[in-house]
Amino acid sequence: MGRRERKKAATRQALADAALRLFLDRGFDQVSVRDIAEAADVSTTTVFKHFPSKEALLFDLDSDRETALIAVVRDRPEGMSIPGALREHTLRTHSEGAGDPEMARFVELTQSTPALREYGRRMWMRHEAALSAAIAEATGAPEDDPGCAALAHFALETVSFARGRADARQAIEAAFALLEHGWPAAGQR
């Protein structure tokens, strides 16, 4: 990475860090883009050169998540089903940061702020097409296969489905049992 790219990456990280700190301290709605720019010592124009919206400042690892989802399908262990691999990934991702007070504050912020909750959901569901294509490729199905698209959609939706439930792990397990084995298997539990 050249000097210019390193500087851009450092500015982007400084903006994301400043935004997170301010949002956690004051709340999302009480922080302006100008506040974030001042905290990072840049102009508001610079903020929008790096992030398309105020909400995007909190969801800056989006491409990493898509890459990870595709890798889950492509690199799953021999003999592991695609729903099984996606279940393990979802459970692992859901439990990351458990017990970390900063992560708990981040989750509370995003879930208690309607704009952030909806933005985060939209960002997460944007991976549906890429995940569907990876599933189709892995199974030899046509790229536009509705079964692959449905599996991708419902696998991604398990995150929203489990959020706020008393036992999120159990909710994820139940959803993936249904995806893997169909209704009769889920109903016999």
Side-chain angles (χ1 to χ4, degrees), residues 1-2 5-6 8-10 12-13 15-17 19-20 50-53 55-100 102-104 106-107 109-111 116-165 167-182 185-186:
M1 189 183 298
E5 287 78 22
R6 284 193 313 269
K8 281 183 179 180
R12 183 176 172 82
Q13 189 62 54
L15 287 165
D17 291 346
L20 178 60
H50 291 274
F51 296 94
S53 68
E55 293 85 357
L57 285 152
L58 282 178
F59 297 95
D60 61 326
L61 300 175
D62 194 49
S63 63
D64 294 346
R65 290 194 173 109
E66 186 168 292
T67 300
L69 282 165
I70 291 167
V72 164
V73 172
R74 288 186 181 156
D75 303 336
R76 70 190 186 283
E78 183 74 30
M80 180 176 268
S81 68
I82 292 172
L86 289 167
R87 179 191 65 240
E88 293 306 311
H89 175 74
T90 303
L91 289 168
R92 186 175 49 256
T93 303
H94 191 276
S95 67
E96 284 177 359
D100 177 359
E102 286 298 309
M103 180 57 82
F106 174 81
V107 170
L109 172 69
T110 58
Q111 292 309 300
L116 291 176
R117 187 175 52 245
E118 180 54 30
Y119 185 85
R121 185 182 176 287
R122 279 195 325 269
M123 292 300 291
W124 180 242
M125 293 307 293
R126 282 183 25 194
H127 305 306
E128 186 176 329
L131 181 57
S132 176
I135 293 168
E137 180 184 315
T139 61
E143 192 171 317
D144 64 347
D145 181 76
C148 296
L151 176 57
H153 179 83
F154 293 121
L156 292 173
E157 279 289 357
T158 60
V159 174
S160 293
F161 170 71
R163 190 168 284 123
R165 296 196 179 261
D167 188 341
R169 182 179 184 83
Q170 181 185 29
I172 291 168
E173 292 278 4
F176 276 102
L178 185 61
L179 290 174
E180 178 113 45
H181 305 291

Gap separating the [atom1] atom of [X] from the [atom2] atom of [Y], nearest 0.5 angstrom:
X	Y	atom1	atom2	result
Ile82	Arg87	CD1	CZ	13.0 Å
Leu20	Leu15	CG	CG	12.5 Å
Leu156	Leu151	CG	CG	9.0 Å
Thr158	Leu91	OG1	CG	8.5 Å
Leu131	Cys148	CG	SG	9.5 Å
Glu88	Ile172	CD	CD1	10.5 Å

Using side-chain hydrogen bond (donor to acceptor under 3.5 Å, both in side chains) as the criterion, list what pairs up with [X], not counting sequence neighbours.
X	answer
Arg122	none
Ser53	Glu55
Glu180	Ser81

For Tyr119, all residues meeting ring pair (Phe, Tyr, Trp, His ring centres under 6.0 Å), sequence neighbours excluded: Phe59

Filter on salt bridge (Lys or Arg N to Asp or Glu O under 4.0 Å), then keep only pairs touching residues 132-157, sequence neighbours left out; what's left? Arg74-Glu137, Arg121-Glu157

With the side chain counted from C-beta on, respond yes when Leu57 and His50 share a heavy-atom pair under 4.5 Å apart, and no when they do not. no

Side-chain contact, heavy-atom cut-off 4.5 Å: Trp124 with His127? yes

What residues form a side chain to side chain contact (heavy atoms under 4.5 Å, CB included) with Leu109, not counting sequence neighbours? Phe23, Leu24, Phe28, Leu58, Thr113, Leu116

Donor-acceptor contact present, side-chain [X] to main-chain [Y], <3.5 Å:
X	Y	answer
Arg117	Gln111	yes
Thr93	Thr90	no
Arg76	Val73	yes

Which pair of non-hydrogen atoms, one from [X] and one from [Y], has the smallest distance, and what is that distance?
X	Y	answer
Ala56	Phe51	O-CD2, 3.6 Å
Ala171	Arg165	CB-CD, 3.5 Å
Ala152	Ser132	CB-N, 3.6 Å

Check step by step if side-chain contact (heavy atoms from CB on, under 4.5 Å) holds for Met125 and His153. CA-CA 8 Å; Met125 293 307 293; His153 179 83; 3.4 Å; yes

